[in-house]
There are 2 protein chains.
Amino acid sequence: MPGKPIQDPFPDHAHDHDRCVKEAFDRAEKLFKQNGLRLTDLRRSVLEIIWQSHRPIGAYDILDRLKDGGRRAAPMTVYRTLDFLMENQLVHRLTSQNAYIGCDHPEESHRGQFLICRTCGVVGELSDARIITAIKETAATTGFSVEAPVVEVTGLCRDCVELDGAGRGHA
Amino acid sequence: MPGKPIQDPFPDHAHDHDRCVKEAFDRAEKLFKQNGLRLTDLRRSVLEIIWQSHRPIGAYDILDRLKDGGRRAAPMTVYRTLDFLMENQLVHRLTSQNAYIGCDHPEESHRGQFLICRTCGVVGELSDARIITAIKETAATTGFSVEAPVVEVTGLCRDCVELDGAGRGHA
DNA sequence: GCTTGAATTGATATATTATAACATTCTAGA
DNA sequence: TCTAGAATGTTATAATATATCAATTCAAGC
Ligand SMILES: [Zn+2]
Ligand SMILES: [Zn+2]
Ligand SMILES: [Zn+2]
Ligand SMILES: [Zn+2]
């Protein structure tokens with residue numbers, strides 16, 4: 001049985017994105033059922049828009065796409081939906097980008113660390129214990145008790161490093 | 001000779017803040033001279049306002065205080081000055097707060113890590129090699145090359161942990 | 001099926017943060 | 001003094017996010 005290979009946290013430029021979307025929605029639907037949440041048309045649409053790529057998308061861009069899709073909507077519509085999706089870990093907000101990105105593993109309560117490629121715009125989510133430990137222990141030396149670490153790292157992804165920062169265009 | 005004791009990255013609730021301000025301005029003046037920069041009234045005022053406390057302050061709050069001080073100013077005035085101060089490492093922007101904080105050590109080019117107390121609002125800046133190493137090495141396992149890590153950690157500072165999250169009020 | 005309260009969405013207005021573009025003033029040096 | 005570049009003034013606008021109240025939809029119990 002093939003199954004999923006060892007997971008790479010950063011989506012390759014040539015990966016099968018349809019599979020990402022399918023898996024994301026499978027997980028989402030499961031989560032909604034388990035928790036008795038309502039996967040409404042609006043929520044589904046917003047989630048679809050967000051999962052159209054691995055690039056973070058702004059609230060007003062989501063709004064535009066909703067309108068393109070024939071739905072009438074206002075900023076509040078989007079922000080409310082984003083709040084709901086974030087509460088349920090289906091979406092994360094990248095504070096350094098004022099933008100939103102889909103999450104791979106909404107089952108577990110978490111706050112990921114993010115790698116953001118400056119060239120292609122793609123984001124990968126990490127969940128690395130060592131980073132968190134380093135932050136917690138360093139904070140502890142000054143008596144600081146960590147609650148919500150924000151880690152957002154810009155740089156160049158594997159594919160864009162190879163292209164020496166000239167790469168563009170993929171899901 | 002007394003000199004400075006081992007530096008604690010998080011300002012104590014009862015520390016001598018006048019000394020912080022004095023030292024910050026000594027460093028700033030030195031930096032301006034060394035680099036042939038112009039420490040204008042506007043820049044000095046903005047830096048003073050930012051150093052009034054160890055809490056981050058928003059651009060529009062800076063604007064208000066400038067006006068209180070009898071200076072006429074517009075948002076652009078503030079943002080331009082902040083840009084200048086940030087270029088010269090005298091000020092950092094906390095992306096998770098949309099707010100700005102004074103920097104302790106403008107001499108060295110750096111991008112700090114920040115501890116932000118949710119109760120008293122005070123911010124301490126770290127510059128911890130272990131955190132950066134953990135981020136770089138983890139990123140490297142997926143071929144990602146780190147350029148600009150953002151680390152902003154909210155939680156409770158030493159003093160506020162002791163008060164169990166009821167503390168308030170100091171510089 | 002009908003009722004009802006809660007959840008969801010609609011609609012309008014406004015707050016907050018940040019940038020664009022061009023004009024004027026200041027300042028260091030020739 | 002003259003002048004070019006730096007700094008600031010001024011006006012307008014973009015981009016992001018929230019507050020508030022009304023209308024609609026939905027699930028559950030009767
Ligand atoms: Zn994908
Ligand atoms: Zn996640
Ligand atoms: Zn101080
Ligand atoms: Zn600093």
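Hydrogens, waters and symmetry mates play no part in the numbers below; they use all other heavy atoms, side chains included. Chain A is the first sequence line, chain B the second, and so forth, proteins listed ahead of strands; every chain is numbered from 1. All figures in this text were calculated on a predicted structure; none of them were measured in a lab.
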Check: Counting just side-chain N and O atoms, does B/R72 come under 4.0 Å of either OP1 or OP2 of D/dT10?
Finding: yes
Check: Looking for any heavy atom pair under 4.0 Å, which part of the strands does A/R80 touch: base, sugar-phosphate only, or nothing?
Finding: base
Notebook entry, point to check: For C/dA18, does OP1 or OP2 lie under 4.0 Å from any side-chain N or O of B/N98?
Noted result: yes
Notebook entry, point to check: Looking for any heavy atom pair under 4.0 Å, which part of the strands does B/R43 touch: base, sugar-phosphate only, or nothing?
Noted result: sugar-phosphate
Item checked: Presence of B/Y79 side-chain N/O under 4.0 Å of C/dA18 phosphate oxygens OP1/OP2 -> yes
Item checked: Distance under 6.0 Å and angle within 45° of ring axis: B/R158 vs B/F10 -> no
Checklist line | Toward the 5' end of DNA chain C, by each residue's nearest nucleotide, B/R93 or A/L37 | finding: A/L37
Margin query: Using whole Å, what does the distance between atom C1' of nucleotide C/dC26 and atom CG of B/L39 come to?
Written below: 16 Å
Check: To the nearest Å, how far apart are A/Y60 OH and D/dA17 C1'?
Finding: 6 Å
Check: Just by distance, with hydrogens left out, do B/H110 and B/E125 show a side-chain donor and acceptor under 3.5 Å apart?
Finding: yes
Note to self: When you measure from the side-chain N and O atoms of B/T40 to the phosphate of D/dT8, is any distance below 4.0 Å, counting only OP1 and OP2?
What the structure shows: yes
Checklist line | Residue closer to the 5' end of DNA chain C, A/P75 versus A/L42 (nearest nucleotide) | finding: A/L42
Next item on the list: Using whole Å, report how far CD of B/Q97 lies from P of D/dT16.
Entry: 19 Å
